[in-house]
Each structure stands twice: as C-alpha cells, then as structure tokens.
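Chain A is the first sequence line, chain B the second, and so forth, proteins listed ahead of strands; every chain is numbered from 1.
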Protein chains: 2
Amino acid sequence: MSPSRRFKDEVFEQFARIGKAVASPKRLELLDILCQGPRTVEVLADQACLSLANASQHLQVLRASRLIEAEKGGLYVTYRLAPGVEGFYLGLRGLAESRLAEVEATTRAFLAARGALEAVDAAEVLRRALSGAVTVLDVRPVEEFQAGHLPNARSVPLAELRARLTELPRDREVVAYCRGPYCVLAIEAVRVLREEGFTALRLDTGPPDWRAAGVALAAGP
Amino acid sequence: MSPSRRFKDEVFEQFARIGKAVASPKRLELLDILCQGPRTVEVLADQACLSLANASQHLQVLRASRLIEAEKGGLYVTYRLAPGVEGFYLGLRGLAESRLAEVEATTRAFLAARGALEAVDAAEVLRRALSGAVTVLDVRPVEEFQAGHLPNARSVPLAELRARLTELPRDREVVAYCRGPYCVLAIEAVRVLREEGFTALRLDTGPPDWRAAGVALAAGP
DNA sequence: TCAGTAATCAATAGATTACTTGATTATACG
DNA sequence: CGTATAATCAAGTAATCTATTGATTACTGA
C-alpha cells in the first residue's frame, strides 16, 4: 500500500472517531443535555434514561473522542462539552431536520397529540419575546435559568407554574420556552397556561440555539 | 414509557442516522471526494480504494441517511452531495482537526517524510494566490479544474507537470493546490517544482474550503 | 437478440458495539 | 476506622456493522 494511501486511511480513521461518537442516539442525547451546561454522571444518566453504568460508558466514549471533558471534584465527576462541539451538534441536528422528513413528522405527530400544533412562525415568536411586549417565561429548573436565559425572561419552573399563576399579568400574551425544540417543558407550560385562560405561545428554540445565533443571553438571578 | 420519552427516543434515533452514516472512515472519504463534485460509483470506488460492491453498499448507506443523492443516466449512476452536507462535513473535519491531536501529528509525519513541512501561514499563501503576484497552479485533473477553480489559477494536472514546465515563468513564485488538505497532488507538485529550481509553495486548502469561506470561484476552461 | 458493462443484491464470516449485571475504586463523613 | 455514595471497571450476551464473494439486474450497442 502506498504511503499516501496509508496517510489517507489514518486521517479518515481519525475523522471517523468523531462520527462513531455521534452514531448513537443516547450519546447524542447526552450531548444535547450537555449543551445546557456541565452535568454530573448521575444527572445525565437520569435525564437520558440510562443506567448509571451505561451512561458512564457512553460518556467515556464521548470523552475518548474528545467531544466532552471530565473534571473530578470530590465525589462527583462533572462532564462538559469541549469547545466547538455545541456548534457541531447543532449542525448535525439541523442537517437531520432538513434532510430527514421523519424528524418533522415525528415532532408534528407528538405536538398534534397534545394539541400543541402552532401556526406561528418561530422567528416571529423570538422577536416578540425579545421585544418586551410579552411576558417571557423560562420554565426550566432555576439552576438552568441562572446559567443563561433570555434578557427579559422570568424564571418559573414548570413544577411551580400552577402555584405562581397569580404573578403573571392576565392582559399580556405569554411566551414560554425551555431547553430547545425537543424539550417538552414549554409544551406542557403552554397547555397549563391556556387551560387557565392565558394567551400563551411556545418558543421552540433554546439557549444553545440563541448562543449559536448570536443572541446575547443574561446570567444569574 | 412516557409519551415524551418515546418522542425523544424517536427524535434522537433519527439524529443518529446522520451519525451512523459518518461513523465509517470509508464513508467519510466518499463524502470528501463528493465535495469535489458528482461522481459515478466506479470512480468513487477507485479513488477510495474500495471494491465496487463495497463502494456501492457504502453509498447506499449514505443515501439512506439522505446525505447523498443518486441519479441514473444510462449505464451509470452518479452520486452527488445533498444540500448542506458539504458544510457539515467540513465542520466534522474541522472538529476532528481541532480536537484530535492525532490528525495533525499524522499529517506532520507524512509531510515531514516527504520534506514538505512548511513554515508559511496558510492564510498568507491564499492571500498571495488571490493577489495575482504569483503563478497559481491547479494540479487536479482538468475536469475538476473546470468544475471550479481559483480565479487566476491555471490548470496543469500533476501528470503533465514535468512536460509543461516550460510554460511557467521561472522568475515568479509558484503556488500549487489540489483538492484540499488531505489530497497529495499538490505536495508532489511542489516537490517536482522545487527539484526543477522553482520557488514553490503548497496551498493546503481546496475548492470546498474556499466555497465555505465565501471565496468566489471561476468555472469552465 | 445477445454480449458486455455498471451497479446492485444476497449471503456470510469476522469484528465491533450496546446494554446488563456484579464487583471494585475513590472520596466524604460520622 | 468503617460506612455510604459516585463512578468506573470487567465480563458476558445479543445485536449490529464491515468487507468479501458470487449471483443478478439494468442498460447499451452491435
């Protein structure tokens, strides 16, 4: 075999390490979760519905291909995305959305089943959310809100929403968001809000998308 | 299992179709080749050093994940990249380059073995090539040159280089390029040119990279 | 209609991968 | 020092993937 053939084989073998890392749905879900910020193994396993051992193994695969980094602090190991990986993941996701009709079909079917199909343009909802003309709700857990949120959003985790409805003005439209297009918190939040008589819309993007799009996010409480 | 868990599983399963498609070094090499333009199965098999049947199977995997499209014309089937795939591939390659030290190590070792290690900055070489101050050689086969090339490049396929050296002015620096950073044609061309007394440099990017960077390419003869 | 060529299909063996289970390591804390 | 907890390791099985081989299909042109 020629030296240049061997060279190419070696180089593409390396490229394929990245490909193999993202060849598993569960590893992609782990990356998706890590786009929200660093997490411990336990939390990742829980959110992705994996056994602890299985999650640990997937995380080690991702780590071996350098897509994530681990940091040990006391009893816990915290994993975080490596630089450049968020953009790559969003690119992969976007390619799947644009090339694989099944993604949209599945999403539509799921939304339809909960009566959440919207006729409103996503960019328009984001514009309204940024304009200050509507009440913007971040329905993720508080820690995630604090790690980064839309400038004029207020944190009302889904679990607390019903109890805190009195905080919300009834004469303004509400826009709710969560982690991104495939997170279900905001869908549920909009359902609750409408049930209670609010005019509510879902913003079907999340902090990772906005960061990639260059939207300035706020942090802290 | 909850409906939202099922929904997520289905969605990430779809995303993983893209991941699985790029989990094989040979499929990545096929995508790399297809970045240069549409090709028949035979040509792809030949360039990627695959048996015809094996190449066909890999192409069908890529096609099933919608990364490439096939068009049958007479006896030949021509495959081409689907929209958005070139950018995704370059993103994956870039991530591998930035995250996997082995890629650079392998490349450096290969270049060093042929005495082709350069101390010149890649962006600077491209600037010179675009400036018109140097002779720019496109050493790929003529068809590829015609499909798209740097504005002031001239086509001198590597196979013809020695025979056509008299066409080149000896008092100007020569910059040679080929398909991209992992194509070896330009490396060889620079070796030949230096052997013959020219001052020659290699431009280690190619048409796909320039398209992605927004450089206007010329087409035709 | 028949021969020749491009491409695909089908079947297979060998390698790789995913998930489970039970054991083990490392750290914190009483 | 011993116990509890987070995480990893190790081994085994089932499933999946890769490359090869030989057969088959689809089209061209004599």
Out of curiosity, [X] [atom1] to [Y] [atom2], how far, rounded to the nearest 0.5 Å?
X: B:K72; Y: B:T40; atom1: NZ; atom2: OG1; value: 12.5 Å
X: A:I33; Y: A:Q47; atom1: CD1; atom2: CD; value: 4.5 Å
X: A:S51; Y: A:D46; atom1: OG; atom2: CG; value: 12.0 Å
X: A:R179; Y: A:T205; atom1: CZ; atom2: OG1; value: 15.0 Å
X: B:Y182; Y: B:D32; atom1: OH; atom2: CG; value: 9.5 Å
X: B:L137; Y: B:E167; atom1: CG; atom2: CD; value: 9.5 Å

task: Could you say whether A:T78 or B:K26 is positioned toward the 5' end of DNA chain D, judged by the nucleotide with the nearest heavy atom to each?
output: A:T78
task: Considering non-hydrogen atoms only, spot the tightest contact between B:C49 and A:R5 and give its length.
output: SG-CD, 3.2 Å
- request: Might you work through the side-chain contact (heavy atoms from CB on, under 4.5 Å) test for A:W210 and A:L203, ending with a clear yes or no?
  value: CA-CA 11 Å; A:W210 306 325; A:L203 177 52; 3.5 Å; yes
task: Take the C1' atoms of the five end pairs on each side of the helix from C:dT1-D:dA30 to C:dG30-D:dC1, derive the two axes, and give their angle rounded to 10 degrees.
output: 20°
field: Neighbours of DNA chain C within residues 45-64 of chain B, by heavy-atom distance under 4.0 Å
entry: B:L52, B:A53, B:S56, B:Q57, B:Q60
task: Anything under 4.0 Å to a heavy atom of chain B counts; send over the first and last such nucleotide of DNA chain C, read 5' to 3'.
output: C:dT5 to C:dA11
query: Within a reach of under 6.0 Å around CD of B:E160, are more than 12 heavy atoms found that belong to other residues, nucleotides or ligands?
result: yes
message: For B:R164, is the CZ atom crowded, meaning more than 12 foreign heavy atoms sit under 6.0 Å from it?
response: yes
task: Give the rounded distance in Å between these two atoms: CG of A:L44 and P of D:dA6.
output: 14 Å
message: Rounded to whole Å, how long is the line connecting atom CZ of A:R39 with atom C1' of D:dA7?
response: 18 Å
